[in-house]
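Everything below concerns the one structure shown next.
Keep in mind that what you see is a predicted model, and the values were worked out from it rather than measured. Below, chains carry the letters A, B, ... as their sequence lines are ordered, and counting in each starts from 1.
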There are 2 protein chains.
Amino acid sequence: MSKIISVPNESKKETISKNAAKLFRKKGFSATSMRELAVDIGVEASSLYNHIGSKSELLQIICFKVANDFINQINELEQVEIEVTSKLEKIIRFHIHKMLEDYDMVYVANHEWKHLQEPFLKNFLNQRKLYENKLIELIKIGISEKSIKKLNPQVLAFTILSAVRGLEFWQQHKKNIDIAELEKTMVTQLLTGIIK
Amino acid sequence: MSKIISVPNESKKETISKNAAKLFRKKGFSATSMRELAVDIGVEASSLYNHIGSKSELLQIICFKVANDFINQINELEQVEIEVTSKLEKIIRFHIHKMLEDYDMVYVANHEWKHLQEPFLKNFLNQRKLYENKLIELIKIGISEKSIKKLNPQVLAFTILSAVRGLEFWQQHKKNIDIAELEKTMVTQLLTGIIK
DNA sequence: ATTAAAAACGAATAAGCGTTAGTTTTGTAA
DNA sequence: TTACAAAACTAACGCTTATTCGTTTTTAAT
């Protein structure tokens with residue numbers, strides 16, 4: 001077969017990872033074979049191993065890329081001095097943008113992380129918990145400042161995360177809903193509710 | 001090995017299905033082998049085939065059991081004559097209860113349905129869309145009655161569904177949060193928002 | 001044109017998969 | 001006790017899996 005075609009500024013490893021993300025999202029990690037991935041890329045399965053270490057490594061690359069992006073964003077946000085509710089709004093909007101830009105990778109990180117091997121599995125879950133705890137802390141500050149209702153901060157945080165992590169639905173309705181409306185609706189709903 | 005032990009009023013097929021749901025949730029459908037399932041139940045893999053047709057059938061049983069439960073609930077709710085917002089509250093509370101009672105099955109139906117074979121895959125997705133559309137219609141009524149904010153009903157519906165489908169987190173925090181508080185918090189958050 | 005490294009290939013390996021077949025054990029009712 | 005059906009067993013089939021090996025082709029620099 002032919003060579004792996006990679007666009008400039010993108011290593012062949014990245015090209016393989018992105019294709020892997022697409023397949024892992026569509027079929028799941030375990031149900032995706034290296035042979036299928038190779039076909040998609042246009043090369044024999046064995047040739048992939050000149051560029052990557054293992055199938056498992058591809059999942060690691062995907063999951064930690066996403067985890068780092070989210071951790072970095074919330075870290076930057078901690079430095080900024082704006083109201084808690086504005087921070088929450090920014091977090092929600094960031095999730096929406098990420099889901100649109102890196103749909104495959106975000107989806108895989110959200111749904112296929114359980115197939116990571118140790119020690120990567122523990123590592124990933126630690127990253128996740130770190131992010132969740134930062135969000136919970138933010139909400140607690142909001143409650144103490146009386147800008148947020150006195151409800152269980154853990155539940156509030158997880159509900160927001162569940163809502164934005166479920167943004168996959170959007171991919172299937174791209175045509176019907178425009179992104180500005182999507183953002184406005186979700187921010188309004190999650191922050192101020194749906195009842196008039 | 002020994003025989004399959006099934007509690008009274010539960011067929012052996014049900015026993016196998018429930019064990020399958022537990023494994024499919026923990027490891028994913030594709031990564032779960034019939035041999036593993038057999039070990040969990042205490043028989044040889046081949047013995048399972050005296051009770052079930054195939055591995056795929058187990059996934060079908062799980063997914064359609066869950067789909068039917070949710071469709072039935074929302075159908076019953078359509079008959080009842082109460083306010084739209086009360087109906088939404090009931091739907092949210094039903095999701096929470098279902099996730100607690102049949103965690104494994106609900107999780108599998110939410111996450112592993114893509115491994116269904118045709119025609120079951122199409123069938124399942126139709127059921128899902130039916131449910132989503134019923135929820136969207138409900139919200140549209142609320143908007144026209146002016147009890148719900150004039151926002152994109154599709155987005156509102158999917159956000160609610162994402163939030164309740166993400167209730168898996170609760171399983172890991174059973175000890176910290178009691179169910180009454182969980183319900184109250186989520187209903188309040190999704191219907192009236194979190195900002196004071 | 002020569003050389004060395006990078007990247008492709010085909011073939012093979014060992015392990016695991018869902019499932020079937022044939023046989024034996026177990027439980028139940030006559 | 002006999003007879004029959006249900007459900008277990010062992011063994012095997014054919015296929016797929018991720019990965020490795022040794023070799024050949026391609027690419028790029030001298």
### Task
Test side chain to side chain contact (heavy atoms under 4.5 Å, CB included) on Lys149(B) and Ile143(B) and set out the steps.
CA-CA 6 Å; Lys149(B) 292 176 186 168; Ile143(B) 293 174; over 6 Å; no

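- Taking a 4.0 Å limit (strictly below) on heavy-atom distances, residues 23-37 of chain A reaches DNA chain D at Thr32(A), Ser33(A), Met34(A), Arg35(A).
- Regarding Leu48(B), its CG atom lies at a distance of 11 Å from the C1' atom of dG18(C), rounded to whole Å.
- Checked against a 6.0 Å centroid threshold, the rings of Phe70(B) and Phe94(B) count as neighbours.
- For residues 163-185 of chain A, the set of pairs meeting the salt bridge (charged side-chain N to carboxylate O under 4.0 Å, His left out) definition, not counting sequence neighbours, comprises Arg93(A)-Glu183(A), Glu132(A)-Arg165(A).
- Taking 3.5 Å as the limit, the base of dT19(D) and the side chain of Ser46(A) contain no donor-acceptor pair of atoms between them.
- The CG atom of Leu58(B) sits 13 Å away from the C1' atom of dT19(C) (whole-angstrom rounding).
- Atom CD1 in Ile41(A) sits roughly 10 Å away from atom P in dA8(C) (whole-Å rounding).
- In this structure, Leu59(B) atom CG and dG18(C) atom P are separated by 13 Å, rounded to whole Å.
- Here dC9(C) presents its P atom at 5 Å from CD of Glu44(A), a figure rounded to the nearest Å.
- For dA7(C), one of the phosphate oxygens OP1 or OP2 lies less than 4.0 angstrom from a side-chain nitrogen or oxygen of Lys12(A).
- With 3.5 Å as the limit, one finds no donor-acceptor pair spanning the side chains of Lys12(A) and Asn50(A).
- Scored by the salt bridge (charged side-chain N to carboxylate O under 4.0 Å, His left out) test, Lys90(B) finds no partners at all (sequence neighbours excluded).
- Residue contacts shown for Ser54(A) are limited to sugar-phosphate atoms, with no base heavy atom under 4.0 Å away.
- To the nearest angstrom, P of dT19(D) lies 8 Å from NZ of Lys55(A).
- At least one cation-pi condition fails for Lys98(A) and Tyr103(A): the charged atom is not both under 6.0 angstrom from the six-membered ring centre and inside a 45 degree cone around its axis.
- For a distance-only test at 3.5 Å, the side chain of Asn50(B) qualifies as a donor-acceptor partner of the base of dA8(D).
- Between Ser47(A) and dC9(C) there is a side-chain N or O to OP1 or OP2 distance below 4.0 Å.
- At the phosphate of dA6(D), neither OP1 nor OP2 sits under 4.0 Å from any side-chain N or O atom of His51(B).
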